[in-house]
Amino acid sequence: MAGTIYVLCSLVALGCAVLLLRSYRRSGLRLLLWSGICFSCLALNNALVFVDLIVVPQTDLFLMRNLLATSGMAFLTYGLIWDSGR
C-alpha cells in the first residue's frame with residue numbers, strides 16, 4: 001500500500017510540473033518556470049522515495065532525496081525573491 005502512495009505522489013508532482021511548465025511556455029511568466037522546476041525536483045524526490053524504500057530498501061538514498069527536495073525549494077525561493085518584483 002505504501003508503494004502505491006509513493007507512486008501517486010510522484011505522478012501528481014509530475015503532473016503539476018508539466019502543467020506549470022506548459023503554462024510558462026504559453027505565457028512567459030517566469031514564476032511559472034521556477035514553480036515548474038521545483039515540482040520537477042519534487043517529482044524526482046518522490047520517485048526516489050519509492051526506489052529507496054520499496055525497490056531497493058538495502059540502499060540508502062536519503063542524501064540524494066534530500067538534495068533534490070532542497071534544490072527544488074531553492075529554485076522556488078529564488079524565483080519568489082528575485083523574479084516576483086518584475
Side-chain angles (χ1 to χ4, degrees):
M1 185 66 172
T4 305
I5 301 297
Y6 297 144
V7 169
L8 286 175
C9 287
S10 183
L11 290 175
V12 168
L14 181 64
C16 289
V18 166
L19 290 174
L20 286 164
L21 292 173
R22 195 172 70 179
S23 294
Y24 166 71
R25 190 172 53 184
R26 243 183 290 145
S27 70
L29 186 62
R30 289 179 51 110
L31 191 55
L32 290 171
L33 171 67
W34 298 117
S35 299
I37 292 171
C38 173
F39 273 93
S40 298
C41 291
L42 293 177
L44 289 172
N45 176 36
N46 287 329
L48 277 181
V49 168
F50 176 75
V51 170
D52 187 17
L53 300 178
I54 304 298
V55 177
V56 285
Q58 67 275 10
T59 304
D60 186 22
L61 299 175
F62 181 76
L63 181 62
M64 191 180 310
R65 289 186 301 156
N66 282 339
L67 285 175
L68 275 171
T70 304
S71 65
M73 291 298 125
F75 280 120
L76 185 59
T77 303
Y78 174 81
L80 285 171
I81 292 172
W82 296 108
D83 283 342
S84 63
R86 294 181 186 184

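Sequential numbering from 1 along the given sequence is applied to the chain's residues.
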- Message: So, taking the atom named CG in Leu21 and the one named OG in Ser35, what distance separates them when rounded to the nearest 0.5 Å?
- Response: 9.0 Å
- Message: For the CG atom of Asn45 and the SG atom of Cys9, what is their distance to the nearest 0.5 Å?
- Response: 10.5 Å
- Among Val55, Thr4, Ile5, Leu8, find the one that has a side chain to side chain contact (heavy atoms under 4.5 Å, CB included) with Phe50. Val55
- Query: Does the Thr70 side chain pair with the main chain of Leu67, one donor and one acceptor, at a distance under 3.5 Å?
  - Reply: no
- Message: Nearest 0.5 Å, please: how far is OH in Tyr78 from CG in Asp83?
- Response: 6.0 Å
- Query: Can you name the nearest heavy-atom pair linking Asn46 to Ala13, along with the distance?
  - Reply: ND2-CB, 4.1 Å
- Message: Taking Leu63 as the starting point, is it possible to reach Val49 by hopping between hydrophobic residues whose side chains are less than 4.5 Å apart?
- Response: no
- Message: I'd like to know if Ile54 and Leu61 are part of one continuous hydrophobic network [Ile/Leu/Val/Met/Phe/Trp/Tyr, side-chain heavy atoms within less than 4.5 Å].
- Response: yes
- Message: To the nearest 0.5 Å, what is the distance between CG on Leu42 and CG on Leu14?
- Response: 11.5 Å
- Query: At their closest point, which heavy atom of Gly72 faces which heavy atom of Cys41, and how far apart are they?
  - Reply: CA-CB, 3.6 Å
- Task: Check whether any side-chain heavy atom of Ser40 lies under 4.5 Å from a side-chain heavy atom of Leu44, and answer yes or no.
- Result: no
- Query: Are Leu53 and Val51 connected in the hydrophobic side-chain network, where two residues link if heavy atoms are under 4.5 Å apart?
  - Reply: yes
- Taking only residues at least two apart or on different chains, which pairs with a member in residues 56-81 satisfy salt bridge (Lys or Arg N to Asp or Glu O under 4.0 Å)? Asp52-Arg65
- Task: Could you state whether Leu20 and Trp34 fall into the same hydrophobic cluster, counting links through intermediate Ile, Leu, Val, Met, Phe, Trp or Tyr residues with side-chain heavy atoms under 4.5 angstrom apart?
- Result: yes
- Transitively linked via ILVMFWY side-chain contacts under 4.5 Å: Val18 with Leu76? no
- Item | Arg22 vs Leu32 side-chain heavy atoms within contact, under 4.5 Å | no
- Message: Once rounded to the nearest 0.5 Å, what's the spacing between atom CG of Asn66 and atom CG of Leu48?
- Response: 10.5 Å
- Query: According to the ring pair (Phe, Tyr, Trp, His ring centres under 6.0 Å) rule, which pairs have a member within residues 5-31, sequence neighbours left out?
  - Reply: none
